[in-house]
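The block underneath contains the structure these notes are about, expressed in structure tokens.
For the numbers below, each heavy atom of this structure counts, side chains included, while hydrogens, waters and symmetry mates do not.
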Amino acid sequence: MINYEEELDDRQIEAVKHFEGPLLVLAGAGSGKTRVITYRIAYLIDRYGVDPENILAMTFTNKAANEMRTRVDLILGKKCNVFVSTFHSACAFLLRKYSYKLGYTNNYVIYDETDSKKIIKEILEIYSQDSSVDNVHKYYNEISSRKDNGEDILAVENSSLNVEVFRAYQKRLIMSNAMDFSDLIFNMVKILKMFDEIRERLSSKFRFILVDEFQDTNRIQMDFLLLLLKNHRNICVVGDDDQSIYRWRGATIENILGFGGHFEDAKIVKLEQNYRSTGAIISVAAELIKNNDKRHVKTLFTKNPLGENITFYTAENDIDEASFIASEILRLKESKKKEFGDFAVLVRTNAQMRIIEEKFRFSNIPYEVVGGTEFYKRKEIKDIISYLRVIVNPKSDMDFERILNTPPRGFGDATLMKIRDIAIKNNISLFEAALRYEKTQNFSMFLISIAKQMDNISARDVAEKIINETNYRSYLEQYYKNDYLDRLANIDELLNSMIPRDGSEPLSVRQFLENVSLLSDIDRASLSIRNVSIMTIHSAKGLEFPIVFIAGFEENLIPHFKSVMDEDEIAEERRLLYVAITRAREKLYLSYAKERFQAGLPLVRRKSRFFDELPHNLFTFLPVKEVRKDLIFEENKEKDVGYKIEYYPELMKMTPNKNDLPFKIGMNVFHNKFGIGVIKQIEGSGEDIKLVIFFEKWGLKRLLPSYVRII
């Protein structure tokens, strides 16, 4: 019999033993929240006799769901078949059974962001509207945001964008028997609201609901949970409002802050002991986050040793910063006997990664960029996936159009126009139209022959048949001579990804497509012990490393320049830094560059405002260029670096300010139209004085001082 008291601390056991009724577990960073959830599931089954099929556990990555399911089975010593899933995966599963209520068939496909944007672009062109990348992105964001907030875009009227585009987009999805990512939860919520018998059935089935990372839920996810709770109130949510960092993609901290508003009698358990990090790291994190007002008060502490001070490095520029990080990794790997996988470099923006990658390549440091260019968005991968989608769902016109002449088979624009004409006149899909057109009948029959075998062979075998029978590998070699070997390797990796690593049954085509559609950046990351991980702070959520570097600890990066005019956004940026700090177990580095290149210009930077909120007695400050001077200067001579501080030297010269105005070179200012900029030069004197200001989006502008204000 499991001795839960020996495995858990007092607060953890209090949460685990709670039986019925609402429970809010406020779990500080590194306090064992996943342990609490898994042991709570085991306790419900082991001690309260709950049928595993009556438990629904929700988390935010497939990787976390798989780990949680495995840990429950290990605790109980048997396979329990608890439904552990992400919100999107759970809804995708349920929609296979219930989507017919909304006019879908159970073989619907899930479109990713790239697919959705392609449709929006086509619709904007049909309406003779701006189809630029920025405008397509704007439409995509508003459509996703409205769905995540539970708004039906077919009924919406109040919008700054063209509502007809919204409606055309949604109708295109329905005609293609496709859903976008946001549709998965939105459509399941719609079904639960519209059909009482389905809601009753699911609420009765899932008698105990557990939610991990509750601080990251959005409005539609909360609606989904409340609808499932119609027949009972047995919900346990675990989260940390101090780690709520996804407001930009619809998450609302109000769900965790306002949990008591939905459940006034909710039991609250606080997990405040950190088991992950040293005392110094925890003290710095706790001192920072207490500056946020809207939060559940918690006092994070640890019984771990104080450990090393946090190292703060002031770099002359971003090259210097990247060189310092590279040299420290090499030094610690040798002196502390570390593996490369023990190190992580966290940045606020993807743009910061390039120079770090260059330094790592120069220094022969193996690395992996987590959340970079996604494997499944590469051309050759999307081609094969489009073939698989069409044989599963022949109504997906976008996928059929992609594969019609890939590899080239003599079907040009004229052929496509003919097929479209047949499809429009007969109100059928492009696939069906191609069957009626003599020139393309053989291709359609080929797809039908593959589809007939689909249910009897694995996804890998189906994909291999498609690749071989279309001579796809030869096509890559002929048309992509410069990098066809890399593309062939990607194809092989795609085939390998269709083989389960845990020895379970081979994936079917439908299973594989659903898995691909629901993977997150972290699910795709290998996080090998052989590679340093480079990632944005957002991608690092839920991970931990012995040694962490937080690069770019500067104003306009942390906090980001888009956040500095909004107190709620500043609070989120502070939470983001808190998350970054608490990823480190043994050693933490913070660095900032006094000068950073953007758009070909050296911008003067200053330390983040959050620096003043940290306990400096726990820091060790390194002077500029104290470490590995030879490496730093030698790298600057390399031709491929491309960064030369000598660019625009005239902009770095101070012009006397005869008006005694408070403006200075390097100062950050705000303009109502152009946003936040940096003063690069002060021209003229008296009433003729002008400021030369660099704005990230707009470039250099000459403005009168009266049009800007200091921030």
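- For N177 (side chain) and K395 (main-chain N/O), no donor-acceptor pair under 3.5 Å exists by modelled atom type.
- Among all heavy-atom pairs drawn from A434 and T440, the shortest one is O-OG1, 2.8 Å.
- Between the side chains of Y169 and S116, at least one donor-acceptor pair of N or O atoms lies under 3.5 Å.
- A donor-acceptor contact closer than 3.5 angstrom is absent between the side chains of D180 and S182.
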Practice item. Please lay out, stage by stage, how F60 and F87 fare under the test ring pair (Phe, Tyr, Trp, His ring centres under 6.0 Å). Key: CA-CA 7 Å; F60 274 82; F87 277 91; 5.7 Å; yes

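- When side chains are defined from C-beta on, F166 counts as touching E142, because their heavy atoms get closer than 4.5 Å.
- Residue V516 comes nearest to I385 through the heavy atom pair CG1-CD1, 4.0 Å, listed as atom of the first residue, atom of the second, then distance.
- In this pair, H88 and F181 present their aromatic rings parallel. The plane angle is below 30°, not in the 30 to 60° band.
- Across S444 and L435, no two heavy atoms sit closer than the pair CB-CD2, 3.5 Å.
- The two atoms that bring I381 and N490 nearest to each other are CD1-O, 3.5 Å, heavy atoms only.
- Side-chain contact check for F431 versus V390: some heavy-atom pair is nearer than 4.5 Å.
- Here D318 does not pair with K359 in a salt bridge; the nearest charged N to carboxylate O distance is not below 4.0 Å.
- Between the side chains of Q129 and Y139, a donor-acceptor pair is found at a separation under 3.5 Å.
- Considering every non-hydrogen atom in both I110 and A92, the closest pair reads CD1-CB, 4.5 Å.
- S474 and N471 share no side-chain donor-acceptor pair at under 3.5 Å.
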